[in-house]
Amino acid sequence: MAEASEVAQPGGSDGPADLPKAELPKLYRAMVLARVVDERCLTLQRQGRIGFYVPLQGQEAAQVGSAWALDPEDWIFPAYRELAVALVRGVPVKLLLDQFIGNSGDVLKGRQMPNHYGYREFRFVTASSPVGTQISQAVGAAMAARWKGEEIVTVTYFGDGTTSSNDFHAGLNFAGVFKAPTIFFCQNNQWAISLPRERQTHSETLAIKATAYGFPGVVVDGTDVHAVFAAVRAARARALAGEGPTLIEAQVYRLGPHSTSDDPRRYRTDAELAKWKEKDPIARLKHELLTASVWTEEEDATLWETTRKEVVAAFESAEATPPVDPLTMFDDVFAERPAGLELQRASFAELLKDGGLKP
Amino acid sequence: MAEASEVAQPGGSDGPADLPKAELPKLYRAMVLARVVDERCLTLQRQGRIGFYVPLQGQEAAQVGSAWALDPEDWIFPAYRELAVALVRGVPVKLLLDQFIGNSGDVLKGRQMPNHYGYREFRFVTASSPVGTQISQAVGAAMAARWKGEEIVTVTYFGDGTTSSNDFHAGLNFAGVFKAPTIFFCQNNQWAISLPRERQTHSETLAIKATAYGFPGVVVDGTDVHAVFAAVRAARARALAGEGPTLIEAQVYRLGPHSTSDDPRRYRTDAELAKWKEKDPIARLKHELLTASVWTEEEDATLWETTRKEVVAAFESAEATPPVDPLTMFDDVFAERPAGLELQRASFAELLKDGGLKP
Amino acid sequence: MTELTIVQAINRGLAEAMRADPDVLVLGEDVGVNGGVFRATEGLHKEFGADRVIDTPLSETGIVGAAIGMALYGLKPIAEIQFVDFIYPAFDQIVSELAKFRYRSGGQYPCHVVIRSPYGGGIKGGLYHSQSPEAYFAHTSGLKVVIPSTPADAKALLTTAIHDPDPVLFLEPKRIYRAVSGEVPDGELRVPFGVARTAREGADVTLLAYGAMIPTCLQAAETLAASGVQAEVLDLRTLVPLDEAAVLASVEKTGRAVIVHEAPRFCGFGAELAAILAEKAFFSLKAPVQRVTGYDTPFPYALENMYLPNAERIVHAARATLAAG
Amino acid sequence: MTELTIVQAINRGLAEAMRADPDVLVLGEDVGVNGGVFRATEGLHKEFGADRVIDTPLSETGIVGAAIGMALYGLKPIAEIQFVDFIYPAFDQIVSELAKFRYRSGGQYPCHVVIRSPYGGGIKGGLYHSQSPEAYFAHTSGLKVVIPSTPADAKALLTTAIHDPDPVLFLEPKRIYRAVSGEVPDGELRVPFGVARTAREGADVTLLAYGAMIPTCLQAAETLAASGVQAEVLDLRTLVPLDEAAVLASVEKTGRAVIVHEAPRFCGFGAELAAILAEKAFFSLKAPVQRVTGYDTPFPYALENMYLPNAERIVHAARATLAAG
Ligand SMILES: Cc1ncc(C[n+]2csc(CCOP(=O)(O)OP(=O)(O)O)c2C)c(N)n1
Ligand SMILES: Cc1ncc(C[n+]2csc(CCOP(=O)(O)OP(=O)(O)O)c2C)c(N)n1
Ligand SMILES: [Mg+2]
Ligand SMILES: [Mg+2]
């Protein structure tokens, strides 16, 4: 991996269900990169340099392990917390930071809140805020891919709370009926903002919900990259063999707040947090790497240090990127601007010239 | 039962899970009444004397057996096909026919299509067309009843197709989480208009969907009043004991068209229909009654004849009931008419006087 | 040229588009074997198979969500909502997703789904088989809203919709599905969006309408003509994009406007038309704008014919504007 | 009297209503232990317990559906939708059920649910934490739509809503949740629906607005006053029922109207206001009606301040109407 702020793509779909030992440091690097970006962004938000941020700490193994099991051609339909997935996909950190700022480097043209990014180039579909809507979309895309004869799967990420959404139900039901090559990857991080998993639904597990749609659901330890990788690998093989979808419940914990607007101390205990901190997926993988002698403490220290520097540099570069051009506000509503919108744009342009508008 | 067109109320909630033999003829009468109304309405629709009709043939045992297991205080949230449930509740046939016509005798003031009735007096909530919406409402009502300390359950009726709806998912999930005293009574009549059960969802049964919400789901033969009665009785006891909801899948068959607008020959085979006709719940119960010697062929002939006469008479009386007053169109939008609506009503009244409006 | 009803023209348009482009497919409830409850998709399942004419489970959010996924992937899905009254379970997918995908992705993800749905009164459908919710969608930036009123337009506008790069809500006036028939050119035929059609010329008053209200307006215009008043009837065809120029040109000519639609008046589409006139045709207007619409109640069953705008009400309103200024 | 912010006034209103009537309860996402993401329900869980301040699973259709069932049964549920942008999964329950229950049942089943939800821009929320969808609901016969703009009104209108026999959508201008504070009378206090508030008197031009646009209009009025133009600012308070009489009276006095709202212009609530003026104040209007609104695009993130109507744009529009006629 030449630069820490870009992650090498995983090897492709025809590998075994076991992660080769030699590849493990790569996964670890991706997880560290995600953690560093995360820590940095929490700080930047406090400093008012980005407006908002959704952290993923605690979910790195689930995200990196699952993304690693995919083919680069597979389509990802994420929610808003899938930073590590994006990194594994190869999205450069600078590009993500441009989105967080909403500057002219942002592929989304500054239109969305931080974390709601998406990159066609990386087959990582632009996220929205309403939870669950991506789920039925992922099923439709999988049906389309099959119709076009393309050997890919679609993977959709969502949280425990999102299992209650309309489109969870519709999406999984459609997938069951049409045997869509879709993987439903649920990161059960135990909380939907302040609602704990047990009060979100009374089912024994989330994975068991797949029974209602006639396909398998599996529970994996989401702090274990191996388990996650294997589960996704198996689900992918199943999907491509025409056997239909799989629901995977990766059990993890959101170590941080729901978002920078949230204060988790209002609704959960320090003890619970402490218990889960012991299962921090990064510490866990590091320990494994050290034990397997494919990694040293020295390498580790260097990795964190260089990664931090690179992320700082990427942010500096993003911050120096010029703001988005105000007139772009009127683009992309439609392929072409209809007459009415053209008039609104013209009057906006005039106001802009007159100084009647401030950023 | 004094009049065939009114059904005696069932005995209350504290009876056993077995239907006493002596009560069986009452259930049979209710089923026959439903069948007679149904046949009559199909004819009336063909004659243009009512605008539309949704038949229930094949589902009488499921409806009568379930309704019989309830207490009159229980609240029912029906769909549009629950004629026999309404009859068991005690809704007079004339009142239903007034609704089908939409005349001034219609409690609903002629506002809804046939079959979308409801009677507060009978704790039978007014139906709507969008499928599934009643399900989460039934859960809320159950929570409210419990909050008010009332020992009742709510029961919601819906079809196999409706298990795919948003509110099936939301309603069952809420019920599981809040242990709502609700019975979800699914009449799986094998078809949702032209979509067969197997292509509605890939789950093994519909009842198994309860697993996704952490409570029991049971399958019953919906052509067997005993099985249905026992299942509902058990579910009711469970609910009142604070153990939460139950999903019941009553397997039946829609012997007729989806509605008078539908032609089932377009999508299903005569063979399938013939197979299920053998399980006609009315023939089945009649056979049982005869075998048990609590009913004679003579009584049966009389029952059908008198019932037919009474239904004809009820319709004649409904048809003779004056039309709805046009000005009622502006009532019940709100408790009181706001100024804007008052103006619209005034201009409508004027047009009406001038003869500018025809019924 | 073939004489077709509106529903036949739609069926023709679908079949021809599917023949011409393998990426076009149809999905919805009962659209397959059954051919749609109004028979709009009759024959398609047989010709194109179950993979391209997809009978879906009973979930509108699933239908639209899946269609969005298909469109993102590059297909051209046409989703049928059985009655537009049943579109609300999919409202989130339409408003939050379909309408905003191109914008929110910075143009990376166009989302060309066509949603077809029968709308409006006239079939004794009561509250839930009669609604005209076009204003909700017209207010949703990013959606196009199309409503044909003739068989030829039905086919041509549908064809345009299928090839349009943006999401289109295509509302079909079910009241005149079969009541109106007319000559429809064979083969591919498109009508551009944003171009209104003058259904009748006249110099005295402009009737602005669309869909099933066009025949009603024409009927009113006949009555008015009998007393020497020449009404111009403008068929908007596409509510979004709106042919504002045509609206203004007609009202500038006549100086009087009557807006007609089936939906309730308050915040209905007619409000936007009246607002545009109040802003941009203010100095041409000789009399107050009139709206003839459904009343601000739910749609009633038994009284449907008294609820729906009819020719008498339109004539009455036209006379009122002529008397006013 | 106590000095409160808007969100505090709402909290106060909720607590007092719950104390006074055991049938009042609150349900929604994160409303319990967490006190709501904006803290509107802070303290209620502690005071009234988990059975009356109900943290629900993440399903808006479940929230509204359950609230409807509760209301049918005789409770007075107050459902919170965390951001109004997330109300669409419940749109079917609201439009098909809540709004129509009384009507479709012939008056047997009133359905007095209050849905509270923060709306509008100003917090850098991008497409999905900024929308102003009031027009959808105002167009839905059977719903009342209320939007306060001051702390006192927030509490009083909420109290009226809770005791109103009809369903009420209570939209809270989150942009001024904390920015605006003012004296709020202690104890039960109601403001009747359908009565607009003159936020500022003036004879030259009428600014029609509601919610978070009221402070913006007042600011514009100050600027105008500096150049001798007296703007009247009318705070509509309830969009349904609308105080049409107050709207007409003010515009009849000033002869000029500028309508201001955050939502996109096309088919927005302002269209209805303009339509009413075009119909009923036609002969009093001296100049074309102006609308200052959000643009017909989704709500942008980085450019939010350029998207939202500001005082400059309002002044500009007011000057244009003054120059026009
Ligand atoms: C339809 C909808 N309702 C409410 C919200 C507000 N909201 C944002 S995230 C969230 C909780 C989501 O929980 P979960 O699915 O477990 O994902 P997590 O945030 O834990 O990753 C809520 C309620 C939303 N985004 N969309
Ligand atoms: C939300 C919604 N979508 C579509 C329809 C049209 N529709 C009416 S009944 C029906 C099938 C319902 O099937 P099922 O739930 O099995 O009940 P059944 O009619 O068989 O009793 C459909 C699709 C509807 N009423 N509501
Ligand atoms: Mg979670
Ligand atoms: Mg069925």
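Quick note on labels: first sequence line is chain A, next is B, and so on, each numbered from 1.
Of the listed residues (Ala278(D), Pro89(D), Pro298(D)), the greatest number of heavy-atom pairs within a distance under 4.5 Å of chain C belongs to Pro298(D). For the set Arg265(C), Arg104(C), Arg291(C), the entry with the most heavy-atom pairs within less than 4.5 Å of chain D is Arg291(C). Comparing Ala138(C), Ala275(C), Cys267(C) by how many heavy-atom pairs each has under 4.5 Å with chain D, the most go to Cys267(C). Chain D forms more heavy-atom pairs under 4.5 Å with one residue of Gln93(C), Lys280(C), Gln131(C) than with any other, namely Gln131(C). Of the listed residues (Pro300(C), Ala274(C), Pro288(C), Ala324(C)), the one with the most heavy-atom contacts under 4.5 Å to chain D is Pro288(C). Among Tyr301(D), Tyr88(D), Phe282(D), the residue making the largest number of heavy-atom pairs under 4.5 Å with chain C is Phe282(D).
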Taking it one step at a time, do Asp164(D) and Lys144(D) satisfy salt bridge (Lys or Arg N to Asp or Glu O under 4.0 Å)?
-> CA-CA 10 Å; Asp164(D) 195 85; Lys144(D) 292 179 176 169; 3.0 Å; yes
ring-ring contact (aromatic ring centres under 6.0 Å, His included) assessment of Phe266(D) paired with His139(C) = CA-CA 6 Å; Phe266(D) 202 76; His139(C) 183 49; 8.6 Å; no
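Residues Phe83(D) and His129(D) place their aromatic rings such that the two centres sit under 6.0 Å apart.
Ionic pairing of Glu232(C) and Arg256(C) is not present here: no N-O contact between side-chain nitrogen and carboxylate oxygen is shorter than 4.0 angstrom.
Side chains of Ser141(D) and Thr297(C): no donor on one and acceptor on the other come within 3.5 Å.
When heavy atoms are compared at a cutoff of 4.5 Å, Glu60(C) does not approach chain D at all. Leu285(C) touches chain D through backbone and side chain together, each having a heavy atom under 4.5 Å away. Contact annotation for Phe269(C): both backbone and side-chain heavy atoms come within less than 4.5 Å of a heavy atom of chain D. Residue contact with chain D, scored on non-hydrogen atoms closer than 4.5 Å, involves the backbone and the side chain of Thr140(C) alike. The part of Val95(D) that comes within reach of chain C is its side chain, from C-beta onward, which places non-hydrogen atoms under 4.5 angstrom from that chain. Contact of Ile259(D) with chain C is not made at all, since no heavy-atom distance falls under 4.5 Å. Contact annotation for Ala287(D): only backbone heavy atoms (N, CA, C, O) come within less than 4.5 Å of a heavy atom of chain C. Looking at Ile87(C), neither its backbone nor its side chain comes within 4.5 Å of chain D, counting heavy atoms on both sides. Both the backbone and the side chain of Tyr136(D) come within contact range of chain C, with heavy atoms under 4.5 Å apart.
By the 4.5 Å heavy-atom criterion applied to side chains, Val240(C) and Leu143(C) are not counted as neighbours. Side-chain contact between Arg102(D) and Asp166(D): present, with at least one pair of heavy atoms (C-beta onward) separated by less than 4.5 Å.
To the nearest 0.5 Å, atoms OG (Ser130(C)) and CG (Leu308(C)) are separated by 8.0 Å. A distance of 8.0 Å separates CD of Glu279(D) from CD of Glu244(D), quoted to the nearest 0.5 Å.
With Leu236(C) as the partner, the side-chain contact (heavy atoms from CB on, under 4.5 Å) test is satisfied by one option alone out of Leu273(C), Asp243(C), Ile147(C), Val146(C): Leu273(C).
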